[in-house]
Amino acid sequence: MFLKIKSSNFIDRLSLEINQTQKSLLKAVLKDDSGAICSIMQKELDFGQQFLNWEGLDELPYGVYSLEVSQGADEMKMRLVKRI
């Protein structure tokens, strides 16, 4: 696993911990429980970068979301909950 989420619950941002061994593009897509895309983030990561905050999620409604993250050939999916 190349990425860890600090918590599966979020309010206005997601804090990501990245196992970064080379410069690469990180793409993250946040979808609601119906599969609609709610937010997309693309970030060029430098070698050794370890932490990233995905800000601006306070406008999303409360509920269950799916996070799909890809970095090169690596992909992962996880379930998240937006709380009050």
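This is a predicted model, so every value here is computed, not measured.
- In this structure the side chain of Leu3 never reaches within 4.5 angstrom of the side chain of Gln71, judged on heavy atoms.
- Atom-to-atom distance recorded for Leu26:CG and Ser70:OG is 7.0 Å, nearest 0.5 angstrom.
- Here the rule is side-chain contact (heavy atoms from CB on, under 4.5 Å) with Trp54, and of Leu30, Ile5, Asp12 only Leu30 fits it.
- Contact detail for Lys6 and Phe51: the closest heavy-atom pair is NZ-CE2, 3.5 Å.
- In Glu59, the CD atom is not crowded: 12 or fewer heavy atoms of neighbouring residues, nucleotides or ligands sit closer than 6.0 Å.
- Using a 4.5 Å cut-off between side-chain heavy atoms of Ile, Leu, Val, Met, Phe, Trp and Tyr, with links allowed through other members, Leu25 and Leu67 fall into different hydrophobic clusters.
- Judged by distance alone, the side chain of Asn53 and the main-chain N or O of Glu55 form no donor-acceptor pair under 3.5 Å.
- Nearest approach of Tyr65 to Lys82, heavy atoms of both residues: CE1-CB, 3.8 Å.
- Within the 4.5 Å cutoff, side-chain heavy atoms of Glu44 are placed close to those of Lys23.
- Separation of atoms CD1 (Ile40) and NZ (Lys31) is listed at 9.0 Å; rounding is to 0.5 Å.
- The hydrophobic clustering, which links ILVMFWY residues whose side-chain heavy atoms are closer than 4.5 Å, places Met78 and Leu60 together.
- Residues Leu45 and Val29 fall into different hydrophobic clusters, defined by Ile, Leu, Val, Met, Phe, Trp and Tyr side chains chained together at heavy-atom separations under 4.5 Å.
- Paired with Leu80 under the rule side-chain contact (heavy atoms from CB on, under 4.5 Å), one option of Ser7, Ser66, Ser8 passes, and it is Ser8.
- Just one residue in the list Leu57, Leu14, Leu16, Val69 forms a side-chain contact (heavy atoms from CB on, under 4.5 Å) with Met41, and that residue is Leu16.
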